[in-house]
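Some notes on the structure that comes next.
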There are 2 protein chains.
Amino acid sequence: MRITYKGDYALKTILGLALHYGNSPTTINDLARRADIPTKFLEQILLDLKRGGFVESRRGKIGGYLLARAPSQIKLGEVIRFVDGPVEPIACAGKKYSGCNDVYKCVFRKIWQDVSLATSKIIDNITFEELAKNIKDKGPVYTYQI
Amino acid sequence: MRITYKGDYALKTILGLALHYGNSPTTINDLARRADIPTKFLEQILLDLKRGGFVESRRGKIGGYLLARAPSQIKLGEVIRFVDGPVEPIACAGKKYSGCNDVYKCVFRKIWQDVSLATSKIIDNITFEELAKNIKDKGPVYTYQI
DNA sequence: TGTATACTCTACTATTATGATAGAGATTAT
DNA sequence: ATAATCTCTATCATAATAGTAGAGTATACA
Ligand code: FES
Ligand code: FES
């Protein structure tokens, strides 16, 4: 797994929205400014996240973005997988693969699968509700640093 | 962490040499053919591995490559880190980093550090001796499939 | 109904990493 | 000598990444 800037930005954006959950929509500009993301890049990322069912949007005045689900229902792993792809460190760790000469004898495959599993256990075990709580616990958030 | 072809090839090559440990040198061509690696690419990789202290070479006739250390003294993690770089999924998981606006408040950093640690525990806990043993246990190896 | 605000969509671009390939040169056993 | 083998530097093609640009669409509200 490699987290790209796009993935990093996506996570920070979802977290930004999680911190606003229940309130009015947040504009792309707000999200971009607060997490220090290039606005036009974030536009594309948000469209992706919308297609992925993570966020909703409102157009026009007082428009912006909202989470499509409660923060407690969005796991870190879901988002990162959607944006940056599978977490395995090499393609052959995946289920259907036949690259190796004899994949059944390959001693590395199991190792990469172990790594994938260990990674999944971490990222699929934390929701944006918990992340948001962590942030809030760190003190009053005026201009929160995501 | 993402395992590149170069990293994958390096691991397979070291394993190939581990299976030959104690015997005469193995040529680049042999190693390339047996693990299905482009010869000229493997040349470069082996030069790297040599600089990294993993292998030794003999030039001229009956030349080739040998492991510089016993297979039991070479961990998977060492090789992959040398060839493909640090295992962390994002740079900010590293010790010295100041990219985030407020890195001390960043809730993601700990997660990526957890992932790095879990990965390290796996790859730093297996040597090429064990990998070679696994291969040998799978039956007689005529043309071994790495 | 006009207009400002804000999302939507497609295309384009620059940079870098990856995965090689090419070829001349150096060393060594026989 | 010479054949086999490693050594070194340069070059190249492709794809992914990280953006940028700009025209278009929807909505609130005066
Ligand atoms: S199946 Fe991936 S290295 Fe063998
Ligand atoms: S320090 Fe890496 S996402 Fe914050």
Side-chain angles (χ1 to χ4, degrees), chain A residues 1-13 16-17 20 24-52 54-68 80 82-86 89-92 99, chain B residues 1-13 16-17 20 24-33 35-52 54-68 80 83-86 89-92 99:
Chain A
M1 179 176 55
R2 184 188 150 222
I3 314 285
T4 64
Y5 269 81
K6 188 178 173 190
D8 184 50
Y9 291 163
L11 295 178
K12 287 171 175 171
T13 299
L17 291 174
H20 254 247
S24 53
T26 311
T27 66
I28 296 178
N29 258 291
D30 269 12
L31 291 165
R33 188 164 15 78
R34 289 198 271 192
D36 197 32
I37 301 170
T39 306
K40 291 301 270 180
F41 196 13
L42 185 55
E43 280 184 11
Q44 295 183 63
I45 294 168
L46 279 165
L47 287 173
D48 265 4
L49 290 174
K50 187 178 167 185
R51 289 180 201 116
F54 297 100
V55 302
E56 289 176 355
S57 63
R58 303 274 169 80
R59 279 155 83 130
K61 238 178 175 171
I62 68 160
Y65 277 91
L66 301 156
L67 287 189
I80 202 62
F82 178 76
V83 176
D84 278 343
I90 190 171
C92 69
Chain B
M1 178 175 56
R2 185 192 147 217
I3 314 284
T4 65
Y5 271 80
K6 189 179 173 189
D8 184 49
Y9 292 162
L11 296 178
K12 287 172 175 169
T13 299
L17 292 173
H20 253 246
S24 53
T26 312
T27 65
I28 296 179
N29 258 291
D30 269 12
L31 291 165
R33 186 163 17 80
D36 196 33
I37 301 170
T39 306
K40 292 300 270 180
F41 195 14
L42 184 55
E43 280 184 13
Q44 294 181 65
I45 294 168
L46 279 164
L47 287 172
D48 266 2
L49 290 174
K50 187 178 168 185
R51 289 180 202 114
F54 296 100
V55 302
E56 288 175 357
S57 63
R58 303 274 168 80
R59 278 154 84 131
K61 242 180 171 170
I62 68 158
Y65 278 91
L66 301 157
L67 286 189
I80 202 63
V83 176
D84 277 344
I90 189 172
C92 69

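Each chain gets a letter, A, B and so on, in the order its sequence line appears, and its residues count up from 1.
Rounded to a whole Å, the CZ atom of B:F41 is 18 Å from the P atom of D:dC8. Distance CD (B:Q44) to P (D:dT11): 14 Å, rounded to an integer number of Å. Taking atom CD1 on B:I45 and atom C1' on D:dC6, their separation rounds to 15 Å, with Å as the unit. In this structure, B:L46 atom CG and D:dC8 atom P are separated by 13 Å, rounded to whole Å. Between the P atom of C:dA4 and the CZ atom of A:R58 lies a distance of 24 Å, rounded to the nearest Å. Atom-to-atom, CG of A:N29 to P of C:dC7 comes out at 7 Å; the value is rounded to the nearest Å. Atom pair A:D36:CG and D:dG19:C1' shows a separation of 14 Å (rounding to whole Å applied). Following rounding to the nearest Å, B:I3 (CD1) and C:dA17 (C1') show an atom-to-atom distance of 16 Å.
We find the CZ-CD1 distance between A:R2 and B:I3 to be 14.0 Å, quoted to the nearest 0.5 Å.
In the set D:dA18, C:dA20, D:dC29, the nucleotide with an atom closest to the side chain of A:I62 is D:dC29. The side chain of B:R59 approaches D:dT7 more closely than any other nucleotide in the set C:dT5, D:dT17, D:dT7. Of the candidate nucleotides C:dT18, C:dA20, D:dT7, C:dT18 has the atom lying nearest to any side-chain atom of B:T4. Nearest to the side-chain atoms of A:R51 among the listed nucleotides C:dA11, C:dT8, C:dC9 stands C:dC9. When distances are taken from the side chain of A:P38 to each of D:dT20, C:dA29, D:dT27, the shortest belongs to D:dT20.
A:Y9 has no side-chain polar atom (N or O) that falls below the 4.0 Å cut-off from OP1 or OP2 of D:dA18. Residue B:S57 has no polar side-chain atom (N or O) positioned under 4.0 Å from OP1 or OP2 of D:dT5. Under 4.0 angstrom from either OP1 or OP2 of D:dT7 there lies at least one side-chain N or O belonging to B:Y65.
Two residues are said to be in side-chain contact when any heavy atoms from C-beta on lie closer than 4.5 Å; B:V83 and B:D48 fail this criterion.
Projected onto DNA chain C by closest heavy-atom contact, A:G60 and A:E43 fall at different nucleotides, the more 5' of which corresponds to A:G60.
Checked options A:L42, A:I28, A:D8, A:L31; the residue passing with A:I37 is A:L42 (criterion: side chain to side chain contact (heavy atoms under 4.5 Å, CB included)).
For C:dG19, the base has no donor-acceptor partner in the side chain of B:K40 [N/O atoms by modelled type, under 3.5 angstrom].
Within the 4.0 angstrom heavy-atom criterion, base atoms lie near A:L47.
B:V55 approaches B:Y65 most closely through the heavy-atom pair CG2-CD2, 3.7 Å. For A:D30 against A:T26, the heavy-atom pair with the smallest separation is CB-CG2, 3.6 Å.
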